[in-house]
Amino acid sequence: MKSNLLKITALGAALSLAAVPAHAEVSGETAFIFNTLSFLMHGFLVMWMAAGFTMLEGGLVRTKNTSMQMLKNIALYSIAGIMYYLIGYNLMYMDVTGYIGSFSIWEAVDAGITADGFKEGDYSAGSDWFFQMVFVAATASIVSGAVAERVKMWPFLIFTTILTGIIYPIQGSWSWGGGWLSEAGFLDFAGSSIVHSVGGWAALTGAIIIGARKGKYGPDGQVRPIPGANLPLATLGTFILWMGWLGFNGGSQLAMGSAADVRDIGSIYINTNLAAAGGVVAAMAMTQMIYKKVDLTMALNGALAGLVSITAEPLAPTPGLAILIGAVGGVLVVFAVPALDKLKIDDVVGAISVHLVGGIWGTIAVVFSNADATIVAQLTGIIAIGAYTVVFSTIVWMVLKFTVGVRVSEEEEMDGLDKAELGLEAYPEFGHGSAKL
Amino acid sequence: MKSNLLKITALGAALSLAAVPAHAEVSGETAFIFNTLSFLMHGFLVMWMAAGFTMLEGGLVRTKNTSMQMLKNIALYSIAGIMYYLIGYNLMYMDVTGYIGSFSIWEAVDAGITADGFKEGDYSAGSDWFFQMVFVAATASIVSGAVAERVKMWPFLIFTTILTGIIYPIQGSWSWGGGWLSEAGFLDFAGSSIVHSVGGWAALTGAIIIGARKGKYGPDGQVRPIPGANLPLATLGTFILWMGWLGFNGGSQLAMGSAADVRDIGSIYINTNLAAAGGVVAAMAMTQMIYKKVDLTMALNGALAGLVSITAEPLAPTPGLAILIGAVGGVLVVFAVPALDKLKIDDVVGAISVHLVGGIWGTIAVVFSNADATIVAQLTGIIAIGAYTVVFSTIVWMVLKFTVGVRVSEEEEMDGLDKAELGLEAYPEFGHGSAKL
Amino acid sequence: MKSNLLKITALGAALSLAAVPAHAEVSGETAFIFNTLSFLMHGFLVMWMAAGFTMLEGGLVRTKNTSMQMLKNIALYSIAGIMYYLIGYNLMYMDVTGYIGSFSIWEAVDAGITADGFKEGDYSAGSDWFFQMVFVAATASIVSGAVAERVKMWPFLIFTTILTGIIYPIQGSWSWGGGWLSEAGFLDFAGSSIVHSVGGWAALTGAIIIGARKGKYGPDGQVRPIPGANLPLATLGTFILWMGWLGFNGGSQLAMGSAADVRDIGSIYINTNLAAAGGVVAAMAMTQMIYKKVDLTMALNGALAGLVSITAEPLAPTPGLAILIGAVGGVLVVFAVPALDKLKIDDVVGAISVHLVGGIWGTIAVVFSNADATIVAQLTGIIAIGAYTVVFSTIVWMVLKFTVGVRVSEEEEMDGLDKAELGLEAYPEFGHGSAKL
Amino acid sequence: MKLIMAIIKPFKLDDVREALTGLGVEGMTVTEVKGYGRQKGQTEIYRGAEYEIHFLPKVKIEVAVNDDQAERTIETISSAAGTGKIGDGKIFAVDLEKAMRIRTGETGNEAL
Amino acid sequence: MKLIMAIIKPFKLDDVREALTGLGVEGMTVTEVKGYGRQKGQTEIYRGAEYEIHFLPKVKIEVAVNDDQAERTIETISSAAGTGKIGDGKIFAVDLEKAMRIRTGETGNEAL
Amino acid sequence: MKLIMAIIKPFKLDDVREALTGLGVEGMTVTEVKGYGRQKGQTEIYRGAEYEIHFLPKVKIEVAVNDDQAERTIETISSAAGTGKIGDGKIFAVDLEKAMRIRTGETGNEAL
Ligand SMILES: Nc1ncnc2c1ncn2[C@@H]1O[C@H](COP(=O)(O)OP(=O)(O)O)[C@@H](O)[C@H]1O
Ligand SMILES: Nc1ncnc2c1ncn2[C@@H]1O[C@H](COP(=O)(O)OP(=O)(O)O)[C@@H](O)[C@H]1O
Ligand SMILES: Nc1ncnc2c1ncn2[C@@H]1O[C@H](COP(=O)(O)OP(=O)(O)O)[C@@H](O)[C@H]1O
């Protein structure tokens with residue numbers, strides 16, 4: 001995702017391990033095919049993450065809101081693709097001034113394929129678009145989990161439209177688009193900040209502006225847990241995300257056309273996988289120690305926090321360091337979830353703890369393994385992206401709030417969004433044999 | 001899937017975008033590996049669609065028929081593979097006379113690998129077989145959804161055996177096998193007609209001959225909806241199908257051994273994805289407008305209708321056109337579902353609306369982007385394939401009906417097929433702690 | 001997985017089919033990329049099997065133990081990765097003496113990439129590690145299914161730690177590590193014995209030592225079935241495993257850098273898929289014949305038994321033979337399940353019948369298609385691996401039993417592990433609208 | 001007032017509801033239950049082991065009616081729910097001392 | 001002793017439970033039910049076809065109390081469960097002849 | 001006739017069923033319920049927040065018996081369902097005015 005410039009630097013560091021005759025023996029066209037294939041193969045893995053978010057969120061809401069969560073996620077994935085085509089991609093990558101690209105529809109001019117032959121690192125423009133597009137959808141999914149169970153459907157989808165068409169791409173242009181943040185030396189390999197924190201910040205503003213679910217916080221400040229209705233579904237979602245993340249991080253190598261590149265993708269798979277493993281084990285250990293019982297939902301969140309944490313630099317760390325980075329992510333999430341509750345910020349699925357807290361940690365952790373990273377540059381990125389996203393999201397949520405409204409009525413919330421907004425139930429049956437109740 | 005001849009023509013059109021030194025720098029054996037890899041990788045994605053159909057259908061039937069839907073789908077996928085090996089493949093591709101191939105067991109003679117080196121476009125015969133095989137299974141899955149909840153298991157599996165071993169391959173030989181339809185200029189890139197409409201026609205005849213579920217239509221013609229029991233499962237199935245469809249259409253490029261081919265696969269991914277997105281958004285908008293509420297099951301059907309619609313030509317359209325083609329598919333399904341109900345044709349999961357209606361539309365829509373397509377040739381294919389499949393399916397269903405019977409007794413239908421035919425329940429528990437009820 | 005030496009022999013056999021100018025036209029680096037890509041792509045498919053086991057087991061336990069099954073599986077997958085990094089890999093592959101490797105942390109020295117260019121069959125060490133790692137996790141998952149619903153969580157995870165860090169790698173060194181079993185001519189292409197039987201033996205000792213679930217066997221020896229709570233989940237898990245198995249067996253070709261290799265991977269896909277299909281059809285036919293009703297759970301087990309059976313030699317058989325080998329696996333499972341019950345060995349999900357019985361059968365079946373296999377060598381491997389695993393596992397289970405204990409109290413078992421050990425429920429809701437019960 | 005409880009076959013619920021509506025009964029409560037009577041459970045096979053399913057799925061309906069309507073209600077349920085086969089179900093009636101409509105506070109027959 | 005049965009809106013359950021605890025009622029049984037009264041079901045659209053959902057989700061609570069407490073229990077439930085809208089539910093009371101606590105074998109009022 | 005209702009621990013259901021069959025009781029209806037009595041709910045932790053689970057899963061059985069059998073039925077249930085620990089449950093009995101077997105139309109004791 002980072003520009004090729006950045007990638008080559010990163011590679012330089014990685015290559016110090018062994019002298020490699022990079023690209024020496026691979027013909028230009030063959031490299032082109034490999035690079036493109038990497039985008040496509042890793043792209044379909046990231047596409048699959050849309051299902052992961054859907055199942056995770058569907059499992060962590062109550063039954064009466066499950067269908068709505070299904071609908072929102074399939075709708076946001078659809079909208080993200082269309083918007084990224086209509087505006088987003090070019091706003092992020094086309095003629096970036098430093099702060100913004102250009103407003104225009106994406107058109108696949110396959111610069112890589114010319115009569116003059118192939119340049120190093122070439123790939124098909126369309127495969128890159130496809131890979132980038134699925135990232136945008138991930139950002140939107142994060143928001144949908146946090147504000148579940150009370151946000152109105154159409155206003156949420158309008159927010160999604162703006163997030164995926166405008167908010168995400170503009171900040172993306174600063175770094176991956178080659179803008180000022182990349183010049184400032186900000187490093188975020190696969191998007192701990194650029195994808196996950198952005199989703200987290202948008203979710204945070206949304207959760208605050210929309211307010212907590214009725215009954216979540218008692219009058220004297222006590223927290224009333226609202227358990228998710230279907231933990232197997234949430235677990236399935238976590239596994240899907242874990243699988244998809246191999247594509248998310250692996251594909252962000254942006255190339256597979258040399259031995260060194262494919263070797264690096266292997267390292268990324270290993271680190272991504274082990275960071276998640278570290279997150280699971282850490283979250284299990286923490287909940288056992290603090291609460292004397294392991295909490296499955298925290299273990300799931302721990303896996304995801306580990307994944308988010310390693311995303312900013314999945315290549316440079318040793319496997320041991322990757323486990324540690326993931327484990328810290330897993331620990332953070334165990335503290336972040338009740339901390340948010342103490343602030344009465346109601347995040348239904350733990351999205352803010354996982355993606356925002358984990359994303360910030362991951363972006364900082366780059367300095368532990370990547371010599372090119374500076375803490376100043378990393379903090380600059382974190383703060384700039386955060387401030388921008390909070391301000392922009394707040395404006396959009398506020399406009400929505402004071403025009404169409406963002407929250408269903410109390411009665412609709414009680415009845416559940418499935419009944420109130422969709423007029424159906426996720427599991428409509430009652431009485432094993434009676435279908436027509 | 002189309003013969004190589006057709007493919008090269010199609011490529012010719014696509015290439016006009018940019019001058020490409022196709023295959024110039026890729027060695028014959030390297031191209032062979034890429035081509036084969038494309039079949040394998042896209043093949044496992046299509047294999048995964050079997051799970052998608054299973055979950056989709058499992059979520060849209062009532063609990064009392066869920067296990068049966070599981071069984072039928074895993075059985076039909078198994079049977080499809082075995083039959084395609086025993087008869088189907090060679091009937092479709094071996095020595096096609098124009099109207100039919102030969103009756104013989106498939107044998108992998110890997111013609112591609114010879115001592116004389118590799119020819120352009122070569123791939124391993126086995127990988128091609130694998131990719132083709134998963135398509136057959138898709139056809140059978142379509143039928144299983146439409147006739148769910150009342151068809152008898154073994155007769156259904158006999159129908160599946162004939163469909164996958166004989167009905168599908170014979171018509172497939174006409175086009176992809178290089179027979180008369182391909183000579184006539186009929187174009188169906190990945191099977192809007194050849195796979196989806198065939199499944200849809202077989203489903204239609206089945207649904208009519210077997211008759212509607214008891215209680216579905218009232219005495220005065222009113223329609224009594226029978227809601228699906230598990231919408232998260234249906235949503236999961238849709239996402240699986242969406243993912244698998246990237247393989248379905250992408251692999252149908254039949255080659256990945258040149259920059260142009262892999263670039264085209266990228267375009268196919270984009271168009272496939274955006275057509276589904278268009279289908280979702282259109283179905284949501286339509287149901288909101290007509291019924292004042294969005295219908296989740298229609299949004300899911302919309303995604304699938306979008307996918308079916310783009311399948312006949314996923315390469316040539318611009319992304320914008322792909323969105324439109326998918327959107328029209330999504331609109332069509334919103335009208336087709338109640339229209340079938342008005343005709344008292346009881347299609348449990350909307351398979352006919354999605355695969356038949358969407359398939360016809362998609363086959364026609366080829367003419368909007370592919371200059372080689374003619375409306376006459378397209379209609380010829382649609383009608384020929386439709387007439388053939390209807391006649392052949394009707395005969396098979398009828399023979400089954402008047403010999404072993406195709407429908408369970410009224411009481412078995414009331415009790416549910418799980419109990420009546422399998423003697424078990426999908427969710428057998430009652431009382432959280434009591435296992436032995 | 002087998003050492004390269006073995007592989008080359010196997011290839012020799014396969015190649016006799018057609019004269020192939022292997023690797024003739026593929027440059028060393030291109031082959032390196034293909035080989036590595038095969039490990040990565042097939043590796044993510046095998047990783048996905050972790051989700052498959054989780055869903056399968058989650059669907060076959062009772063609701064009151066479902067969350068625990070989720071937790072155990074995500075935990076064991078995490079632990080397996082960490083342990084294989086810390087000890088396992090080097091114990092299996094580093095300086096193997098014949099009986100054991102070395103105790104050390106795995107370090108990716110990417111020997112394949114050197115200034116001197118690429119040797120035949122080179123691949124990135126990291127990709128190999130990743131692919132091997134996901135195999136270990138599969139072994140552990142097998143155990144988790146068999147001892148479900150009564151084993152204590154932490155002791156189970158301690159067993160997993162030892163299994164994945166020590167038990168599995170040591171025996172793995174004998175064959176795939178190039179130790180005495182490989183010298184003895186034992187052939188197990190992708191691990192019918194090395195992965196599946198090991199898991200099966202560990203599961204068997206666990207099931208015996210921990211004892212049957214309360215209420216499973218009546219006082220007069222009668223068997224009281226305890227139906228799984230969620231058959232769609234179990235079916236989903238089976239499909240996931242089926243898909244992942246293409247990677248499990250396909251990737252075990254260990255190379256994709258020549259036309260012959262990728263052709264062979266294609267053959268493996270076909271045989272793997274058809275063996276599963278054979279298993280399904282055989283299990284369906286058997287249950288229909290014996291019990292007059294098809295049993296869905298047996299059909300699912302049949303698919304898996306077919307897959308395990310073909311795993312020891314997925315390349316050499318013709319498709320027809322593959323169907324037969326899988327079908328025998330499917331038949332065996334139908335008899336093994338009640339046979340184990342007669343012995344009062346309580347295997348919750350059928351893991352022993354599928355992985356141990358199927359694994360032994362598959363290891364023997366190698367002799368039917370691979371001329372290099374001898375029945376003596378195969379039996380030597382089966383017995384040696386079995387004896388070793390049983391002894392080692394028994395010791396570990398026994399130490400756990402007499403120290404921390406391996407079994408929850410009777411009351412905890414009655415209440416379910418979810419409540420007793422995790423303090424939560426998989427499906428906590430009661431009353432569609434009431435969340436806070 | 002009487003509280004009439006009937007345990008019927010699940011797929012007969014709609015017929016019973018329609019029949020009672022025809023009678024002017026204006027309310028009903030339904031519960032998913034399992035049960036057995038003379039219709040014993042069935043024997044099934046699961047993974048090679050035979051077992052008896054003791055309880056079959058049924059639906060319990062509860063209707064509060066005034067004394068005059070009681071007899072007619074029972075008869076109506078009986079004829080709407082009957083198939084003539086075992087497992088058709090049972091009807092029980094108990095004396096209802098008090099009834100209250102929460103929204104209005106009405107009690108007695110008014111509340112039904 | 002009386003057995004009080006109330007059919008209420010699901011989301012009112014917690015309020016009712018708290019109110020009854022305040023009253024000193026020490027036990028309760030809750031069942032998931034569906035039902036209708038004057039609040040008829042709603043019309044919904046599913047896949048283009050309109051249909052009436054006859055039964056809405058409710059929760060049934062059963063409380064056994066001694067005769068003195070009966071009236072107060074009914075009132076407490078009524079006020080805690082009321083929203084003033086249709087569908088608020090109904091309360092029924094029947095005479096309870098016997099009660100027994102299984103653990104101790106106590107009977108009658110002691111058992112409640 | 002009496003209608004006996006017992007709320008018991010779910011895993012005791014099979015024992016109770018067997019005991020009642022031994023007594024010659026020929027029918028039973030079971031409902032999945034939640035409840036609490038002296039056995040208050042438990043405190044659990046979910047995602048870092050403590051909360052009280054007020055209702056625990058129970059099973060309610062209903063058996064209609066003739067007057068003579070009532071006492072013995074109660075005792076049988078009581079002894080089959082008891083573990084001596086809290087949460088063992090309660091048994092209630094109300095007077096049953098009418099009973100009817102739908103299939104045959106039999107009423108009264110014949111119908112049980
Ligand atoms: N004595 C009883 N007490 C409580 N419920 C009963 C009794 N007998 C039958 N039932 C309920 O009625 C349902 C239908 O009973 P059924 O088998 O038709 O009884 P029968 O054949 O004796 O009339 C049973 O499933 C059970 O729920
Ligand atoms: N006559 C009745 N018999 C049994 N249950 C009833 C009766 N009337 C109402 N109910 C139950 O009470 C619930 C609430 O009724 P509601 O619609 O509020 O009635 P009303 O408006 O007549 O007071 C219904 O859903 C149903 O479960
Ligand atoms: N007063 C009551 N009214 C209705 N149901 C009750 C009452 N008391 C107890 N129950 C039911 O009996 C079940 C078991 O009660 P339990 O905790 O054993 O009571 P105790 O310890 O008071 O005997 C409870 O879960 C509840 O469902």
Side-chain angles (χ1 to χ4, degrees), chain A residues 27-30 32-33 36-37 39-41 43-44 47-48 50-51 54-55 58-59 66-68 70-71 73-75 77-79 81-82 85 105-106 108-110 112-115 117-118 124-127 129-130 133 153 230 233 236 421-429 432-433 435-436, chain B residues 17-21 23-27 30 34 41 45 62-64 215 224 226-227 229-232 235-236 238-240 242-243 246-247 250 256-260 262-263 265-267 269-270 273-274 276-278 280-281 284 293-297 299-300 303 319-320 323 414-416 425:
Chain A
S27 81
E29 186 168 2
T30 299
F32 179 97
I33 300 175
T36 302
L37 173 59
F39 281 127
L40 295 179
M41 179 180 87
F44 71 63
M47 178 268 145
W48 184 224
T54 310
M55 296 303 123
T66 304
S67 301
M68 178 51 90
M70 298 293 119
L71 185 74
N73 271 282
I74 201 165
Y77 179 73
S78 302
I79 290 173
I82 295 174
Y85 163 65
I105 294 186
W106 175 76
V109 184
D110 238 313
I113 306 187
T114 68
F118 298 87
S124 123
S127 69
W129 185 88
F130 181 73
M133 177 274 295
M153 184 183 67
N230 193 330
L233 211 60
L236 174 65
E421 294 213 281
L422 301 180
L424 48 71
E425 290 177 64
Y427 311 101
E429 289 195 22
H432 274 259
K436 283 171 297 178
Chain B
L17 273 163
V20 180
H23 213 291
E25 301 184 31
V26 182
S27 82
T30 300
F34 276 125
M41 178 179 88
L45 288 179
R62 285 165 290 178
T63 298
K64 64 182 176 182
R224 297 209 195 116
I226 303 181
N230 192 329
L231 296 190
T235 307
L236 175 65
T238 304
F239 271 114
I240 294 175
W242 193 322
M243 184 195 203
L246 299 173
M256 198 170 67
S258 72
V262 80
R263 189 258 328 263
I265 295 177
S267 302
Y269 276 33
I270 294 171
N273 187 70
L274 287 179
V280 169
V281 171
M284 285 179 66
K293 279 190 175 172
V294 171
D295 186 327
L296 170 61
T297 67
L300 300 180
I323 296 174
M414 278 300 152
D415 284 346
E425 291 177 62

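Sequence lines set the chain letters: A, B, ... in the order given, protein chains first and strands last, and positions in each chain run from 1.
In this structure the side chain of A:N73 never reaches within 4.5 angstrom of the side chain of B:T235, judged on heavy atoms. Taking the side chain as every heavy atom from C-beta outward, B:R263 and A:I113 approach each other to under 4.5 Å. The closest side-chain heavy-atom distance from A:L37 to B:I265 is not below 4.5 Å. Using a 4.5 Å cut-off on side-chain heavy atoms (C-beta onward), B:L300 and A:M70 make no contact.
Taking the side chain to side chain contact (heavy atoms under 4.5 Å, CB included) definition, one finds that A:I82 meets it with A:L86, B:L274, B:A277, B:V281, B:I323, sequence neighbours left out. With sequence neighbours excluded, the residues satisfying ring-ring contact (aromatic ring centres under 6.0 Å, His included) with A:F39 are A:Y123, A:F131.
Most heavy-atom pairs under 4.5 Å with chain B, from the set A:G43, A:S67, A:G59: that is A:S67. When the candidates A:L71, A:I74, A:I33 are compared by the number of heavy-atom contacts under 4.5 Å with chain B, A:I33 comes out ahead.
How far OG of B:S267 is from CZ of A:F130: 11.5 Å, rounded to the nearest 0.5 Å. Taking NZ of B:K293 as the start and CG of A:L424 as the end, the distance is 8.5 Å to the nearest 0.5 Å. With values rounded to the nearest 0.5 angstrom, B:W242 atom CH2 is found 6.0 Å from A:Y77 atom OH.
Looking at A:M153, the atoms closer than 4.5 Å to chain B (heavy atoms on both sides) all sit in the side chain, from C-beta outward. Heavy-atom distances place both the backbone and the side chain of A:L422 under 4.5 Å from chain B. Residue contact with chain A, scored on non-hydrogen atoms closer than 4.5 Å, involves the side chain of B:L45 exclusively. For B:T30, the part lying near chain A is the side chain, with the backbone staying farther off; criterion is any non-hydrogen pair under 4.5 Å. With a threshold of 4.5 angstrom between heavy atoms, B:M41 approaches chain A through side-chain atoms but not through N, CA, C or O. When heavy atoms are compared at a cutoff of 4.5 Å, B:N273 approaches chain A solely by way of its side chain, counted from C-beta outward. With a 4.5 angstrom heavy-atom cutoff, A:I105 does not touch chain B via any of its atoms. Contact of A:L233 with chain B is made through the side chain alone, with heavy-atom distances under 4.5 Å. With a threshold of 4.5 angstrom between heavy atoms, A:T66 approaches chain B through side-chain atoms but not through N, CA, C or O. Within the 4.5 angstrom heavy-atom criterion, atoms from both the backbone and the side chain of B:Y269 approach chain A.
Shortest non-hydrogen contact noted between A:A426 and B:P232 is O-CD, 4.0 Å. Taking every heavy atom of both residues into account, B:V280 and A:A75 meet most closely at CG1-CA, 4.2 Å. Residue B:R62 comes nearest to A:E429 through the heavy atom pair CA-OE2, 3.0 Å, listed as atom of the first residue, atom of the second, then distance. For the residue pair B:M243 and A:F44, the shortest heavy atom distance occurs at CE-O, 3.7 Å.
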Report task. For the pair A:L40 and B:L246, evaluate side chain to side chain contact (heavy atoms under 4.5 Å, CB included) and give the outcome as yes or no after the intermediate values. Result -> CA-CA 10 Å; A:L40 295 179; B:L246 299 173; over 6 Å; no
Query raised in the report: Please walk me through it: do B:L231 and A:Y427 pass side chain to side chain contact (heavy atoms under 4.5 Å, CB included)?
Result: CA-CA 7 Å; B:L231 296 190; A:Y427 311 101; over 6 Å; no
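Under a 3.5 Å cut-off, the side chain of A:Y85 and the backbone N or O of B:G320 do form a donor-acceptor pair.
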